[in-house]
Amino acid sequence: MKMFRCRRSETLASVSSRKTPISASAATVVVFTTATCKHCKRAKAALTANGIIYEEIQLQERLELLKRVKELTGRQTVPQVFIGGKLVGGADDVEALLASGELDTLLASAVGIDPLPEVLQAALHEALAEEAAGAERALMDALAGEASSAPAEDREELDKLSTLVKQMRAEDGLEILDHYGCRSGFPWEKEPRCFSGADCVAWLVQAAAAPDAAAAVALGRRMQALRLLKHVSCSAAFTDCEATFFRFQQDDPAAALNMLQVWRGSTRPGPQVADSLRRQIEGLYSQHLSDDGRQLDYDALGQSEAFADFVTATGELQRVDLFQMSREELIAFYINVYNMLVIHATVVRGPPQNTAERLSFFSSIRYRIGGHDYTTDEIENGVLRGNRASAADPFILLGMPQFGRPTFPPGDPRLYHSVNPMDPRIHCALVCGAKSCPPIRVYSAASLDVGLDGATEAFCESEVKVDTESRTVTLSKIFKWYSVDFGTNQSEILQWTLPYLADDKAATLKAMLEDEASGGGAITVAYSEYDWGLNSK
């Protein structure tokens, strides 16, 4: 018997305006989720496939509510599925109940009963009321900021020239080729995707973008001033010379991904910029993620209008002010920026395929932030790890971290934003795009501890395995690569994980550690294979 035939995803407006309990709607099931959790998608897909109505309450940005849910249920992960005022479990539990037919019995007995217990009903409505007030304040701030945007005529010119560049880069546009020796004079040195000034001028005249060669040169120099194109060595103004080569910003292999255009609008505080950008890309990620959460359609994501809007919006990072940010704001800001930079680069440049490509990928993809370029390696190691050596540093690989070279050299202005002391929980929040990475989340300064605790608990739940018979603890290789961040020896590293494990697993590991310390059997630490494969369709 299947009495429930559709799903309904809870929205801010629908919950915050409702005066009656959730059971007043048609659904008798409530599912607490986060947007990109693969197990949440499994649970929802199972319910939907069986025609069961449910209310979805997303918690990735409601960290205080997430903390409250965990406190009340004793479960550290999502999804959490409620029927008839009681917790029935997560994705595995839902699938098992569906397979046995017991879920039908639960649903039949829950008709007319609030899906959530009263204490969670109250916590939910309190959180959503605060959200509504915050959304109203944000809207007023945004409206107030419109007056300080770039002049309309400047925006109009930039839009017009950007459209022209798009036409020039099209397949039937300007011929853009790899040229050799055009910068250094050495015939074996290749400059990818560039064109001579003479070819560009000829195209502009032929396409009627300029009436004559002189006007075309002036137009080219205007595009250069707006950072739409550049000389291959950044040393010469635009000219119609056949031996002088230029390229568009989009084709510059060394350019920051958010420098396709110079940001000319007003700039909001750093945390607001990162949070709004992160929400955009999380929405994209969620839309193009398979139901089981294991595959992402990067091709479709990259072709969407929403992704184009996101790429444009990243330009605001160029001028963001970081100097007034607190420690918590810096950590949240840089975690969010790191995660969205990885996805942005994967869509635009494609994923790395091997170790050499991975090293190049993370040391080259970058954003311009507050006037300085930051690669993902520099964000992770220079900023978030307190300017420690990269895990790929030769001395780190040889087990001599004391000799590793700091990421930022002395005098580097980016050192001002380096976070000291570092917080090891960041390793459970940074997402490099591999299948073995933690899930993507949004972090805010106001609830940073709650967010990082939640990410660390979820990561340790799946990546720390304890076998009492063999006295073996299996960890993610993240604990090996960054061991210096978690402790000075094996025992300290294992001790570090205890607060983030489920009670039974933590008690077992603690007993093993105490037994080892008192002269009992030694604990063997093994490391699971790290799956670098991209979760792409």
Side-chain angles (χ1 to χ4, degrees), residues 7-12 15 22 27 29-48 52 54-83 85-98 103 115-117 119-121 123-124 127-128 131 278-279 282-283 285-287 289-294 296 335 339 425 428-429 431 435 437-444 447-464 499-503 505 535:
R7 72 164 275 214
R8 179 170 175 272
S9 182
E10 194 65 83
T11 64
L12 173 62
V15 180
I22 285 182
V29 180
V30 166
V31 185
F32 285 107
T33 69
T34 57
T36 56
C37 164
K38 62 185 179 183
H39 302 297
C40 299
K41 287 182 173 288
R42 278 178 49 215
K44 292 188 294 181
L47 292 170
T48 301
I52 298 171
Y54 61 89
E55 301 275 8
E56 179 184 6
I57 311 296
Q58 293 193 347
L59 299 177
Q60 69 272 6
E61 298 174 27
R62 300 163 178 161
L63 298 180
E64 290 298 333
L65 179 58
L66 176 59
K67 180 180 179 181
R68 185 68 175 142
V69 169
K70 289 180 177 180
E71 288 174 349
L72 293 170
T73 64
R75 291 177 65 99
Q76 299 302 308
T77 58
V78 288
Q80 296 197 22
V81 182
F82 287 82
I83 298 175
K86 296 180 180 179
L87 174 68
V88 299
D92 290 341
D93 302 294
V94 167
E95 289 173 346
L97 289 169
L98 283 167
L103 195 62
L116 293 178
V119 66
L120 274 183
Q121 286 271 358
L124 174 62
L128 291 170
E131 254 181 69
R278 187 64 185 78
R279 289 170 191 245
E282 185 181 55
Y285 190 87
S286 181
Q287 290 170 18
L289 198 65
S290 61
D291 285 339
D292 65 0
R294 296 178 183 275
L296 181 65
I335 291 174
N339 290 341
R425 294 176 298 174
C428 304
V431 183
K435 291 180 179 179
C437 279
I440 299 174
R441 298 179 180 225
V442 176
Y443 297 89
S444 66
S447 52
L448 183 63
D449 272 336
V450 175
L452 289 178
D453 275 348
T456 306
E457 289 164 358
F459 186 70
C460 289
E461 179 70 20
S462 62
E463 297 296 334
V464 179
Y500 306 106
L501 300 176
D503 291 344
K505 188 183 291 185
N535 58 339

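The first residue of the sequence shown is numbered 1, and numbering continues consecutively from there.
- Partners of A96 by side-chain contact (heavy atoms from CB on, under 4.5 Å), not counting sequence neighbours: none found.
- Looking only at side-chain heavy atoms (C-beta outward), V78 and V69 stay at 4.5 Å or farther from each other.
- Taking OG1 of T33 as the reference point, atom CD1 of I57 lies at 8.5 Å (rounded to 0.5 Å).
- For F459 and Y500, the gap between ring centers reaches or exceeds 6.0 Å.
- Counting only heavy atoms from C-beta outward, the side chains of V88 and V81 approach each other to under 4.5 Å.
- Taking the salt bridge (charged side-chain N to carboxylate O under 4.0 Å, His left out) definition, one finds that R425 meets it with D423, D449, D453, sequence neighbours left out.
- For the pair Q80 and V30, the minimum side-chain heavy-atom distance is 4.5 Å or more.
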Let me see the working for I83 and L103 under side-chain contact (heavy atoms from CB on, under 4.5 Å), right down to the final yes or no.
CA-CA 9 Å; I83 298 175; L103 195 62; 3.5 Å; yes

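- Not a single salt bridge (charged side-chain N to carboxylate O under 4.0 Å, His left out) links K67 to another residue, sequence neighbours left out.
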Would you please test T73 and F82 for side-chain contact (heavy atoms from CB on, under 4.5 Å) and show each step?
CA-CA 11 Å; T73 64; F82 287 82; 3.6 Å; yes

Run R75 and K70 through side-chain contact (heavy atoms from CB on, under 4.5 Å) and show every step you take.
CA-CA 5 Å; R75 291 177 65 99; K70 289 180 177 180; over 6 Å; no

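- Interatomic distance, OG1 of T48 versus OH of Y54, reported as 3.5 Å (0.5 Å rounding).
- Within the 4.5 Å cutoff, no side-chain heavy atoms of V450 are placed close to those of L66.
- Closest non-hydrogen pair, L452 versus A429, comes out as CD2-CB, 3.9 Å.
- Atom CD of E463 sits about 12.0 Å away from atom CG of L501, to the nearest 0.5 Å.
- Inter-residue side-chain proximity for P117 and K86 is flagged as unmet; no heavy-atom pair is nearer than 4.5 Å.
- A distance of 7.5 Å separates NE2 in H39 from CG in D92, rounded to the nearest 0.5 Å.
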